[in-house]
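Contents: one structure, followed by commentary.
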Amino acid sequence: MDPPGDDNSTTVQKPLLEVTETDAYREKIIAFVNPKSGGLQGQVVFEQLRAQIGEANVYDLVKDHGPQRGLKENQNEKNLRIIACGGDGTVGWVLSALDTSQMQYMDFISVGVIPLGTGNDMARFLGWGVGYHGEALAPVIQSLASSESRLLDRWQIDVKATANTGTASLKIPQPVFNNYLSFGADAQIALDFHEKRNASPRRYANRVFNKLAYGCISCNTFLDRRYLFGNIANYFELHVDGRNMDDDLFRFRPDAILILNIASYAAGTNPWQGIYDNLWCARSQADDDRFREQSCSDGYLEIIGFKHFELARIRLGRRGHRIAQGSEIKLIIRRDLPMEIDGEPFLLGPCQIVITRKNQARMIITDRSQAAQQVQAKRV
């Protein structure tokens, strides 16, 4: 994990409550740790946090079966700062638990992240680094205790059966997303990898092997006829704020669709703001004046299309094809399609999906983060 400051000088590490006594008096700090994230890193972070902010303020998400116990014990705190320690799934777990909690001062609760494992798009976007590498946590905790916060839109996913649903599964991992929802070739690759890893967890315990396996699966997807010549455009309808986007889809014929909330996808890329490609993004470039500035708090989502080969190019900083921005997204799925919500892949049957803003969360950011560079809208 990257340190939040620029100072390279050597400092003596002190417990948080000694260093920020005034802040600690004014604001209560608690942490939720997923010890299964990042291999053994979760347990190391758990022990460091207990030493820094006190054993009573650090909660084990696995042992406690979720964040509910910690939230209930702190529901009357006026200025509560929560540290979510884990991956994007852990952050979503904590935010969803807040939705159903009985917190007395919800508007004053802020959530920060100590990233564990890989991916960590939310932590990257907020400026808290790519992952934990065994460094001392005292400077990071101090920064989480005193840094500013920004509003984050959170999006409700409503799924309804259609005449084509039949006996197909309409189960989704979670009814809310914070980062993105995608479907098509990228979700197919993630789903195939997820199923193979679950079938042979020991074989996929090595990161280098995992990267090679992921690359092989990506190559195999090139041969899948569903993702040749933009065939998935025949499998769904897209409506953005009541406008049917069929003309745009059939003109571009993407192999994957990304509905993006934050400026980080696929371990740190931002395909909405990437570098223009004169060959593939020419039409997108010409239409730039019709799009508003990207923000995670303005009530708008960015919809981006990719050709299969562009999934690799965006990791080099390239841009996808800008399709639209909107506050209400409706999808009519005509056949089974692989999908991914905040990094969790699954297969969804024919149905209708409506995406609308659910609420906003207050997230702790660093000064150098992508979130800090965005315009912040007023709280809903």
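Every heavy atom of this structure was used, including side-chain atoms; hydrogens, water molecules and symmetry mates were not.
Ile259 and Val354 fall into different hydrophobic clusters, where Ile, Leu, Val, Met, Phe, Trp and Tyr residues are linked whenever their side-chain heavy atoms come under 4.5 Å apart, directly or through other members. Both Ile172 and Ile333 are assigned to one and the same hydrophobic cluster, defined by single-linkage of ILVMFWY side chains at heavy-atom distances under 4.5 Å. Connection of Ile332 to Ile303 is not established within any shared hydrophobic cluster, with ILVMFWY side chains joined at heavy-atom distances below 4.5 Å, either directly or through further cluster members. Leu144 and Phe108 fall into different hydrophobic clusters, defined by Ile, Leu, Val, Met, Phe, Trp and Tyr side-chain heavy atoms under 4.5 Å apart, directly or through other members. Hydrophobic cluster membership is shared by Val33 and Leu98, with clusters built from Ile, Leu, Val, Met, Phe, Trp and Tyr side chains linked at under 4.5 angstrom.
In this structure, Asp186 and Glu340 approach most closely via the heavy-atom pair O-OE1, 4.3 Å. Among all heavy-atom pairs drawn from Ala187 and Pro338, the shortest one is CB-O, 3.4 Å. Of all non-hydrogen atoms in Leu95 and Ala361, the two that sit nearest each other are CD2-CB, 3.9 Å. The two atoms that bring Ala168 and Pro350 nearest to each other are CB-CD, 3.8 Å, heavy atoms only. Nearest approach of Ser101 to Leu71, heavy atoms of both residues: CB-CD1, 4.1 Å. Minimum interatomic distance between Pro254 and Leu249 (heavy atoms only, all atoms of both residues): CD-O, 3.5 Å.
Contact of the Lys78 side chain with the Gln104 side chain is not registered, since no non-hydrogen atoms from C-beta on lie closer than 4.5 Å. Taking the side chain as every heavy atom from C-beta outward, Asn74 and Tyr59 approach each other to under 4.5 Å. Here the side chains of Ile304 and Glu310 are not in contact, with every heavy-atom distance at 4.5 Å or above. Between Asp248 and Arg243, some side-chain heavy-atom pair lies under the 4.5 Å cut-off. Side-chain atoms of Ile364 and Leu126, non-hydrogen and from C-beta on, never get closer than 4.5 Å to each other. The shortest side-chain heavy-atom distance between Leu238 and Leu331 falls under the 4.5 Å cut-off. Taking 4.5 Å as the limit, every side-chain heavy atom of Trp155 sits out of range of all side-chain heavy atoms of Ile329. Leu258 places a side-chain heavy atom less than 4.5 Å from the side chain of Ser182.
Put simply, the residue from Val44, Val45, Thr90 that forms a side-chain contact (heavy atoms from CB on, under 4.5 Å) with Leu116 is Val45.
Side chain to side chain, Tyr132 and Gln48 meet the donor-acceptor criterion of an N or O pair below 3.5 Å. For the residue pair Gln370 / Gln374, no side-chain donor-acceptor distance below 3.5 Å is found, with atom types taken as modelled. Checking Asp241 against Ser327 by side-chain atom types alone, a donor-acceptor pair falls below 3.5 Å.
A donor-acceptor pair is defined here as one N or O able to donate and one able to accept, closer than 3.5 Å; no such pair exists between the side chain of Gln52 and the backbone of Ile141. For the pair Asn270 (side chain) and Ser264 (backbone), a donor-acceptor distance under 3.5 Å is absent. For Arg124 (side chain) and Ala267 (main-chain N/O), a donor-acceptor pair under 3.5 Å exists by modelled atom type. Side-chain N or O atoms of Lys307 include none that pairs as donor or acceptor with a backbone N or O of His321 at under 3.5 Å. No donor-acceptor pair closer than 3.5 Å links the side chain of Glu344 to the backbone N or O of Asp342. The closest donor-acceptor contact from the side chain of Asp121 to the backbone of Asp88 lies at 3.5 Å or more, if one exists at all. In this structure a side-chain-to-backbone donor-acceptor pair under 3.5 Å is present from Ser297 to Ala377. Here the side chain of Lys358 pairs no donor or acceptor atom with the backbone of Phe177 at under 3.5 angstrom.
The aromatic rings of Tyr265 and Tyr180 lie perpendicular to each other, with more than 60° between the two planes, well past the 30° mark.
Between Glu148 and Arg150 there is a salt bridge, with a side-chain nitrogen of the basic residue lying less than 4.0 Å from a carboxylate oxygen of the acidic one. The pair Arg334-Glu237 counts as a salt bridge, with a side-chain nitrogen and a carboxylate oxygen less than 4.0 angstrom apart.
Ring to ring, Phe32 and Trp93 are not that close: their centroids are 6.0 angstrom or more apart.
The distance from atom CD1 of Ile30 to atom CD1 of Ile53, rounded to the nearest 0.5 Å, is 8.0 Å. We find the CZ-CD distance between Arg319 and Gln273 to be 6.0 Å, quoted to the nearest 0.5 Å. Atom CD of Gln360 is separated from atom CE of Met106 by 13.5 Å, given to the nearest 0.5 angstrom. In this structure, Asp298 CG and Gln376 CD are separated by 11.0 Å, a value rounded to the nearest 0.5 Å. Within the model, atoms CG of Leu61 and OG of Ser37 stand 8.5 Å from one another, a figure rounded to the nearest 0.5 Å. Taking CG of Asn179 as the start and CD1 of Ile262 as the end, the distance is 3.5 Å to the nearest 0.5 Å.
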Inset, instruction - May I have the step-by-step check of side-chain contact (heavy atoms from CB on, under 4.5 Å) for Ile114 and Trp128, ending in yes or no? - result: CA-CA 7 Å; Ile114 293 179; Trp128 298 110; over 6 Å; no
Legend entry - Pair Val113-Asn120, side-chain contact (heavy atoms from CB on, under 4.5 Å): steps then yes or no: CA-CA 9 Å; Val113 185; Asn120 298 314; over 6 Å; no
Inset, instruction - Take Leu151 and Arg362, measure what side-chain contact (heavy atoms from CB on, under 4.5 Å) needs, and give me the verdict at the end. - result: CA-CA 5 Å; Leu151 295 174; Arg362 189 171 291 279; 3.6 Å; yes
Inset, instruction - Before giving the answer on side-chain contact (heavy atoms from CB on, under 4.5 Å), spell out for Asn234 and Phe250 the whole-Å C-alpha distance, their side-chain angles and the decisive distance to 0.1 Å. - result: CA-CA 8 Å; Asn234 301 311; Phe250 282 100; 3.3 Å; yes
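In the displayed structure, Phe346 atom CZ is contacted under 6.0 Å by more than 12 heavy atoms of other residues, nucleotides or ligands. Heavy atoms from other residues, nucleotides or ligands lying under 6.0 Å from CG of Asp367 number 12 at most.
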